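Reviewing the structure listed below.
The structure presented is a predicted model; accordingly, all values stated were derived computationally and were not measured. Just so it is clear: chains get the letters A, B, ... in the order the sequence lines come, proteins before strands, and each one is counted from 1.
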Amino acid sequence: MTQRRSHQIGTGLFILLGFAALAYLATQTTSLANYRQGATYALKARFTNVGQLKLRAPVKIAGVRIGSVSGIQLEPDRLEALVTLAVDKRYDQLPDDSAAAVFTSGLLGDQYVALKPGGSPEMFKDGDEIILTQSSMQLEELIGKYLVGGGDAPGGDKSAKPATPEPETH
Amino acid sequence: MSDKPARGSLIGDGLAQIGALGLFLLQVLAAVPRSLRYFAETVRQVFFVGAMSLVIIMTCGLFIGLVLGLQLYDVLSRFGSTASVGTVVAIALYRELGPVVTALLFAGRAGTSITAEIGLMRATDQLAAMEMMAVDPLAYVVAPRFLAGIIAMPLLASIFNALAILGSHAVAVSWLGLDNGTFWSNMTGAVDVWTDVMNGVWKSAVFGGVVTLVATFQGYSTAPTSEGVAYATTRTVVYSSILTLAIDFLMTAFLM
């Protein structure tokens with residue numbers, strides 16, 4: 001009887017250890033580790049082109065991660081991409097004229113949303129929309145533009161949009 | 001049970017073995033609901049095939065991780081991309097190495113002992129005695145071991161993977177000086193829970209079933225002599241290794 005009991009304890013320990021290992025692998029070594037589900041608030045931004053932006057891509061200010069992309073949809077009436085950003089509650093002091101841009105980390109790396117702080121005294125609130133946006137730079141379009149010689153490339157950046165300060169290459 | 005063709009062609013023998021294994025699988029699956037009555041027996045088998053395999057699994061996992069870290073660091077440093085050591089190690093482990101190597105070790109550690117045990121039960125007529133006592137050996141002996149294999153293998157593979165990750169971290173970060181944050185952030189950026197981690201879990205569960213099925217089948221249908229048990233044990237390792245690798249290829253092709 002004691003032998004059976006020690007077997008059961010051993011089995012229990014083994015199963016616990018196995019599930020602990022699985023939980024460790026699943027939460028600490030995968031993309032799940034990147035989004036701690038802290039308190040966030042939502043911001044919206046419209047882009048004419050989001051490029052290769054993916055769900056859970058980082059949102060950064062000055063290169064520091066402050067949140068993640070929580071939704072990418074096409075707006076049926078305006079035919080623009082509506083991107084929802086989940087920004088950490090700690091960073092609630094963002095001026096409401098801040099600009100959003102889709103940048104690429106490195107030349108060919110993953111894409112992320114960069115916010116550029118504005119100067120307005122009003123701050124963004126939950127659900128606000130970022131008016132000033134700059135779409136992702138498409139390498140193919142740029143190459144096309146240079147090859148054709150600066151003609152207006154179709155589907156490029158909306159020139160009517162007030163462009164954010166010169167696009168930085170990271 | 002010993003209605004195998006005595007001396008047939010190699011192909012005929014092989015086909016007969018495959019057919020017998022398939023029929024045995026159906027019998028075992030049919031016996032699984034009946035075996036739930038002997039749940040304590042399943043728990044005991046999880047202890048024997050799972051908990052008792054921990055030492056070999058953990059040691060081998062650690063060494064596989066150390067070697068992977070060393071090799072990949074060396075190769076990737078030629079391309080200046082040592083930052084992705086963690087990513088490559090994790091993906092290779094979760095998708096292939098973890099489930100497959102664990103299954104091969106499992107066949108050697110647990111499969112052989114299952115075959116030898118059941119083979120000896122057959123040789124000493126214990127299985128016949130059970131039938132006399134109206135205890136179905138499929139439900140009492142075979143199915144619990146089969147279930148235990150399916151339960152234990154994913155857990156063993158996860159433990160194997162976790163130790164291998166720690167091993168490669170030790171080599172790449174502590175020894176060769178890769179940045180700790182780079183190692184983890186590249187890994188967490190590229191590894192996905194469903195396509196990588198869970199993919200390996202499904203695989204290892206299937207491999208656990210395959211290895212224990214082959215092992216119980218070989219033990220159950222062994223020639224009732226000491227020589228027969230010896231052959232059956234060898235065949236367990238050979239067949240379950242081949243089947244594991246073949247099924248691994250099929251599952252990779254379909255799960256990708």
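Contact of Leu166(B) with chain A is made through the side chain alone, with heavy-atom distances under 4.5 Å. Heavy atoms closer than 4.5 Å to chain A are found in both the backbone and the side chain of Ala51(B). The contact between Val197(B) and chain A is made entirely by side chain atoms (from C-beta outward), counting heavy-atom distances below 4.5 Å. For a residue to count as touching a neighbouring chain, one of its non-hydrogen atoms must lie under 4.5 Å from one of that chain's; by this rule Ala152(B) touches chain A with backbone and side chain alike. Interface remark: Ile159(B) contributes backbone and side-chain atoms alike to the contact with chain A (heavy atom separation under 4.5 Å). For Tyr94(B), the part sitting under 4.5 Å from any heavy atom of chain A is the side chain, from C-beta outward, and nothing else. Tyr24(A) touches chain B through its side chain: at least one heavy atom from C-beta onward sits under 4.5 Å away, while N, CA, C and O do not.
Chain A forms more heavy-atom pairs under 4.5 Å with one residue of Leu155(B), Val46(B), Thr87(B) than with any other, namely Leu155(B). In terms of non-hydrogen atom pairs under 4.5 Å with chain A, the most contact-rich of Asp192(B), Ile165(B), Val201(B) is Asp192(B). Each of Ile15(A), Thr29(A), Leu22(A) has some count of heavy-atom pairs under 4.5 Å with chain B, and the biggest count is that of Thr29(A).
Heavy-atom neighbours of Gln71(B) CD from other residues, nucleotides or ligands within 6.0 Å: at or below the threshold of 12. When the shell of 6.0 Å around CD of Glu129(A) is examined, it contains more than 12 heavy atoms from other residues, nucleotides or ligands. Around atom OH of Tyr140(B), no more than 12 heavy atoms belonging to other residues, nucleotides or ligands sit under 6.0 Å away.
Atom CG in Leu25(A) sits 11.0 Å away from atom CG in Asp196(B) (nearest 0.5 Å). The CE atom of Met198(B) sits 11.0 Å away from atom OG1 of Thr30(A), with the distance rounded to the nearest 0.5 Å.
You'll find the side chain of Phe48(B) reaches within 4.5 Å of the side chain of His7(A), heavy atoms only.
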